[in-house]
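So the structure is just underneath, and the comments pick up after that.
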Protein chains: 2
Amino acid sequence: MPTSTVENYLKAILVRSADADAAVATGSLAEALGVTPGTITTMVKSMASRGLLEHQPREGVRLTDSGRAHALAVLRKHRLVETFLVQVLKMDWAEVHEEAEALEHAISERVLLRIDAILGHPDADPHGDPIPSAKSPQFDRDSSLSLATCEAHRQYRVERILDQSPSFLEFIQRTGLMPGSTVKVAERDPASGVVRCELRDHPATLGLPEAAKIEVTEAAARPRVAAEAHPSSGSARKPR
Amino acid sequence: MPTSTVENYLKAILVRSADADAAVATGSLAEALGVTPGTITTMVKSMASRGLLEHQPREGVRLTDSGRAHALAVLRKHRLVETFLVQVLKMDWAEVHEEAEALEHAISERVLLRIDAILGHPDADPHGDPIPSAKSPQFDRDSSLSLATCEAHRQYRVERILDQSPSFLEFIQRTGLMPGSTVKVAERDPASGVVRCELRDHPATLGLPEAAKIEVTEAAARPRVAAEAHPSSGSARKPR
DNA sequence: ATATGGACTTTGAGTCGTCAAACGATTAAT
DNA sequence: ATTAATCGTTTGACGACTCAAAGTCCATAT
């Protein structure tokens with residue numbers, strides 16, 4: 001049974017290795033996990049010896065099948081817990097990430113199953129991040145359209161917020177840019193680095209790097225976010 | 001911030017020191033926590049140096065006010081979580097103890113407040129153990145009447161089950177002896193060590209040590225932990 | 001081609017929680 | 001009162017995780 005530290009390492013590697021089978025640089029892990037590079041080397045060696053990943057010294061790290069499976073399980077827990085905290089415990093959208101960070105290591109499979117059932121087997125968490133499913137643990141990072149890249153003057157639908165920091169999430173909430181909302185880019189000025197948007201009834205302004213963290217799809221596309229807390233309502237989109 | 005290991009030590013000491021201000025023997029802690037006596041000595045010294053308890057070498061251990069406060073907070077978390085798992089997640093009565101054992105160290109005060117509110121500020125968990133309140137953290141172990149000591153041929157109400165082991169709880173559940181149910185001792189035979197009871201519609205037989213783990217009150221008595229005599233029978237022992 | 005800078009690894013050390021085994025203290029029994 | 005038995009403490013060690021600082025590798029700029 002991996003410790004919660006190891007689980008965090010796995011998760012960090014997974015979310016950094018979604019695209020391609022490129023190795024993940026140990027330096028980026030040190031960054032992400034807030035430890036020194038030496039610590040990463042040590043841990044990575046020990047995890048390699050446990051068969052969770054492969055380590056190409058001086059090049060990077062790649063999850064094995066077993067490591068990836070563990071990592072997906074942790075990610076699934078994290079995202080289901082986040083969804084649960086928002087929909088059932090009515091907690092604030094912006095603060096659940098940190099809570100889930102702790103809970104994901106303490107929740108048993110039994111509890112997770114109950115939560116999943118109560119939520120009606122959602123396939124995305126409140127930030128629009130996909131919830132890896134128990135049976136089909138694909139981890140998709142598909143849609144590459146964001147407010148930084150989409151066309152101007154067209155309606156888009158916010159699908160996903162690629163940043164968990166409370167301050168950013170609070171900004172999103174304040175301006176109504178949560179997943180599910182409809183938005184149009186009014187103007188994008190590379191010179192000033194400013195993106196101006198139109199929401200339903202008000203405008204919003206943000207920087208280009210920030211706009212890139214807001215994934216969108218064409219307004220017509222089918223919704224992806226978890227259903228409103230009602231297990232019974234016909235929105236269980238993932239029935240098997 | 002105490003680690004979860006320290007929290008477990010605190011909890012173990014608290015539940016063993018409810019009666020009197022007698023010191024808790026380190027040996028009983030080793031037993032309870034499943035570690036060697038030497039480990040207890042070591043940990044206890046470190047906790048003493050942090051002001052969580054006082055250690056009389058070769059005699060035992062006593063919580064300080066600060067230690068007791070921490071311990072009560074952990075116990076409160078544990079019992080609220082248990083209640084939540086049963087009432088909201090509809091989990092099995094007999095298995096929630098182990099789940100709560102892990103969750104109690106991962107749940108933040110914020111989440112706890114939401115859980116408490118959703119449950120309507122209960123004052124006992126599904127096993128009848130009192131939930132220390134946020135404001136009045138008294139820890140009572142009053143009622144000393146059990147199926148091993150109560151009078152025969154009189155109606156009693158089960159208040160509390162003093163054993164968290166799944167197998168015992170499953171037995172309780174199977175025979176319908178859960179807190180809130182009504183029971184009468186039909187016969188108690190010290191020679192054979194057997195207690196025979198009558199439930200609403202069927203009999204039950206158990207050993208004396210087991211009977212002692214089932215706390216009861218006179219059937220007429222109002223729910224043990226004070227307060228508004230809400231006639232909403234059944235299991236919701238404390239609305240509001 | 002070689003020197004420099006940046007990324008990674010190694011080394012030595014520290015904390016926490018744990019064990020086994022040797023050692024002391026206290027109590028109970030002769 | 002001396003001895004046993006029991007209970008508690010000490011000691012030395014280890015695994016997991018971490019750091020700081022010294023060492024190594026390698027790409028590239030001159």
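The sequence lines fix the lettering, A, B, ..., with proteins before strands; numbering per chain opens at 1. Remember, it's a predicted structure, so these values are computed and weren't measured experimentally.
Close approach of DNA chain C to chain B, defined as any atom under 4.0 Å from a non-hydrogen atom of the protein, starts and stops at C:dG17 to C:dA25.
Proximity of a side-chain donor or acceptor of A:R62 to a complementary backbone N or O of A:D21 within less than 3.5 Å is detected. A donor-acceptor pair under 3.5 Å is formed between the side chain of A:T64 and the backbone N or O of A:G51. With hydrogens and angles disregarded, a donor-acceptor distance shorter than 3.5 Å links the side chain of A:R188 to the backbone of A:L147. With hydrogens and angles ignored, the 3.5 Å screen pairs no side-chain donor or acceptor of B:S46 with any backbone N or O of B:T42. At least one donor-acceptor pair closer than 3.5 Å links the side chain of A:R16 to the backbone N or O of A:A12. With B:T83 contributing its side chain and B:R79 its backbone, the two residues share a donor-acceptor pair below 3.5 Å.
Using a 4.0 Å heavy-atom cutoff across all strands shown, B:T41 reaches at least one base atom of the nucleic acid.
Salt-bridge annotation for B:D92 and A:R110: absent, with no side-chain N of the basic residue lying under 4.0 Å from a carboxylate O of the acidic one.
Rounded to the nearest 0.5 Å, atoms CG (A:L80) and CG (A:L103) are 12.0 Å apart.
Applying the 4.0 Å criterion to OP1 and OP2 of D:dC17, one finds that A:T3 has a side-chain N or O inside that range.
For DNA chain C, the neighbouring residues in residues 27-40 of chain A, judged by any heavy atom under 4.0 Å, are A:G27, A:P37, A:G38. Residues from residues 44-56 of chain A with heavy atoms under 4.0 angstrom of DNA chain D, sorted by number: A:R50.
B:H127 pairs with exactly one of B:E159, B:Q164, B:H97, B:R160 by the side chain to side chain donor-acceptor pair (under 3.5 Å) rule, that one being B:Q164.
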- Task: Give the intermediate values and the outcome of side chain to side chain contact (heavy atoms under 4.5 Å, CB included) for residues B:I115 and B:I107.
- Result: CA-CA 10 Å; B:I115 287 180; B:I107 281 198; 4.2 Å; yes

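Side-chain N/O atoms of B:R58 and base N/O atoms of D:dT9 include no donor-acceptor pair closer than 3.5 Å.
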